[in-house]
Protein chains: 2
Amino acid sequence: MTGSPATPRERYRQQVRAEVKERAWGQIAEAGASALSLNAIARQMGMSGPALYRYFASRDELITELIRDAYRSLADTFRDTGSPEGTHPAALAQALRRWALDDPQRYFLVYGTPVPGYHAPQDITGIASEIMSTLLDAWMAAGPGEAPAGAAGALDEYLADHRPWATGHPAAPPAVLRRALTFWSRLHGMLSLELAGHFTGMELDPELFFAAEVDALSAR
Amino acid sequence: MTGSPATPRERYRQQVRAEVKERAWGQIAEAGASALSLNAIARQMGMSGPALYRYFASRDELITELIRDAYRSLADTFRDTGSPEGTHPAALAQALRRWALDDPQRYFLVYGTPVPGYHAPQDITGIASEIMSTLLDAWMAAGPGEAPAGAAGALDEYLADHRPWATGHPAAPPAVLRRALTFWSRLHGMLSLELAGHFTGMELDPELFFAAEVDALSAR
DNA sequence: TTATTTTCGTTAGATGCTGTAACTAGCATG
DNA sequence: CATGCTAGTTACAGCATCTAACGAAAATAA
């Protein structure tokens with residue numbers, strides 16, 4: 001990574017940008033992304049409002065950058081989980097849950113309610129496919145499982161011909177694609193319900209539920 | 001329902017409230033709940049900003065009411081799906097998906113990213129348990145399925161003693177509780193990914209995927 | 001019918017936000 | 001040293017929520 005030209009000006013600039021993001025994460029953790037205020041951040045940093053526009057062209061650009069960092073963080077967490085060849089899907093599941101619980105609002109920035117007009121820039125979709133790729137690696141190692149029954153068979157047939165999201169894994173059989181997809185979707189269901197607080201008051205142990213679902217899919 | 005006193009004043013009042021909500025739903029559908037503006041609604045209705053505060057104490061109160069209506073709408077949709085005794089879970093799944101696709105932002109108002117500080121009022125949690133109750137009805141009719149394997153057994157043991165969310169169904173065995181819970185969670189995973197657009201660009205037919213998952217759980 | 005009270009809408013304004021424009025002080029480079 | 005770039009400033013436009021004070025209309029009471 002030969003990134004920064006290391007001129008003092010640029011160093012300072014990156015430092016300020018980093019601090020802005022730091023405080024932005026703080027605000028988001030406290031009151032959600034919709035409550036993020038550039039003015040408030042500027043006040044915290046002892047400068048006046050418009051100064052921050054030297055560093056971020058708009059509030060949206062800052063949020064987009066935070067979303068990018070969130071994706072990057074998840075992709076790295078996935079990549080760093082277990083060995084490159086033999087990662088068990090259950091390990092990825094636990095890593096994902098830890099990552100989500102570590103900062104729920106960061107999770108929601110990636111998988112939460114989207115803004116209707118918003119379209120993620122190209123590089124973010126690239127990171128997203130990195131994440132899917134790691135998931136496919138793990139399920140490739142785990143194997144296709146037993147023969148699909150019922151509608152799963154129909155889905156496998158479909159996936160055999162519609163797999164642009166798995167271009168990095170041309171050797172993966174449709175059953176592996178289906179299992180990875182199913183896995184991802186189920187994890188997301190549990191986590192977003194848990195993080196949104198839909199289990200509170202139900203007296204349900206999310207960890208136990210999570211473990212049961214992971215086990216159900218992993219063992220089959 | 002002997003609700004309204006039907007005095008002309010009250011009739012007018014309810015009418016204005018209804019129109020405000022109508023336009024609010026329009027705004028939300030276009031730009032999401034965070035972009036909802038009382039001022040803009042007032043402008044559309046040909047009155048000046050503060051007038052609306054005669055009808056809604058604050059922006060938050062309006063949003064809370066919309067959330068309540070969304071919950072109510074889902075509970076009614078569930079209740080009206082199939083017969084009171086013999087509803088198949090798959091029918092509920094399809095009803096839920098139709099309801100979600102019919103107005104994605106309404107879905108997100110119920111199951112999307114929560115505002116950190118927000119606590120839903122009592123009556124909303126009541127409607128939420130109505131929804132769970134309908135789900136439990138359907139799974140009671142479907143039966144407990146085959147014996148649980150692996151971690152599902154541990155979850156069943158836990159659920160036998162932790163079931164305050166199923167007080168309306170004292171006769172439901174733990175396996176039914178688990179299946180209803182799992183069902184709910186998996187549906188939510190697929191729907192929120194679909195509605196948030198995480199399947200677009202993957203060339204994945206959400207309906208086929210949805211059917212496969214519903215089938216996988218229903219048939220077991 | 002007349003008088004009183006309640007309700008609905010208005011305008012003015014406090015406060016906070018995003019974002020632009022114009023200007024100044026300081027730093028780096030020629 | 002002179003020039004230009006950059007990071008900050010203040011001023012301001014525009015829009016948002018929401019409060020306060022006031023006038024008009026409608027419902028109610030005498």
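The chains referred to below are lettered A, B, ... by the order of the sequence lines, with proteins before strands, and numbering in each begins at 1.
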Atom-pair distance ([atom1] on [X]; [atom2] on [N]), nearest Å:
X	N	atom1	atom2	value
M45(A)	dA7(D)	CE	P	13 Å
I41(A)	dG8(D)	CD1	P	15 Å
Y12(B)	dA25(D)	OH	C1'	12 Å
L62(B)	dT17(D)	CG	C1'	13 Å
Q15(B)	dG9(C)	CD	P	11 Å
E10(B)	dT28(D)	CD	C1'	16 Å
L52(B)	dC8(C)	CG	C1'	12 Å

- Return the set of residues passing ring pair (Phe, Tyr, Trp, His ring centres under 6.0 Å) with H198(B) (not counting sequence neighbours), or none when no residue passes.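 Partners of H198(B) under the ring pair (Phe, Tyr, Trp, His ring centres under 6.0 Å) test: Y111(A).
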- Applying ring pair (Phe, Tyr, Trp, His ring centres under 6.0 Å), name anything that partners F78(B), two or more places apart in sequence or on another chain.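 Residues passing ring pair (Phe, Tyr, Trp, His ring centres under 6.0 Å) with F78(B): none at all.
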- Item | More than 12 heavy atoms of other groups within 6.0 Å of E203(B) CD | yes
- Apply side chain to side chain donor-acceptor pair (under 3.5 Å) to T125(A) and list each qualifying residue two or more places apart in sequence or on a separate chain. none
- Message: Applying side chain to side chain donor-acceptor pair (under 3.5 Å), can you list everything that pairs with R59(A), at least two apart in sequence or on another chain?
- Response: none
- Tell me whether the OP1 or OP2 atom of dG8(D) has a side-chain N or O from S48(A) closer than 4.0 Å.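 No, because none of the side-chain N or O atoms of S48(A) sits under 4.0 Å from OP1 or OP2 of dG8(D).
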- Message: Can you tell me if Y55(A) touches the phosphate of dT6(D), counting only side-chain N or O atoms and a distance under 4.0 Å to OP1 or OP2?
- Response: no
Result block: side-chain N/O donor-acceptor pairs under 3.5 angstrom for residues 43-54 of chain B, not counting sequence neighbours:
none

- What does F56(A) touch in the nucleic acid at a heavy-atom separation under 4.0 angstrom: a base, only the sugar-phosphate, or nothing?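 Touches nothing.
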- Task: Would you mind listing every salt bridge (Lys or Arg N to Asp or Glu O under 4.0 Å) that reaches into residues 114-135 of chain B, with sequence neighbours excluded?
- Result: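 Non-adjacent pairs meeting salt bridge (Lys or Arg N to Asp or Glu O under 4.0 Å): R68(B)-D123(B), R72(B)-E130(B).
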- Note on the structure: Nucleotide by nucleotide, nucleotides 17-30 of chain C touches protein heavy atoms under 4.0 Å in the pattern (B base, S sugar-phosphate only, - none) SBBB-----B----
- Item | Ring centroid separation H188(A) to Y107(A) under 6.0 Å |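 Ring centroids of H188(A) and Y107(A) are less than 6.0 Å from each other.
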- Give me the residues of residues 16-32 of chain A where at least one heavy atom lies under 4.0 Å from an atom of DNA chain C, by number, or none.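 Close to the strand, none.
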- Query: Considering residues at least two apart in sequence or located in another chain, which fulfil the salt bridge (Lys or Arg N to Asp or Glu O under 4.0 Å) criterion with D69(B)?
  - Reply: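 Here the qualifying residues are K21(B).
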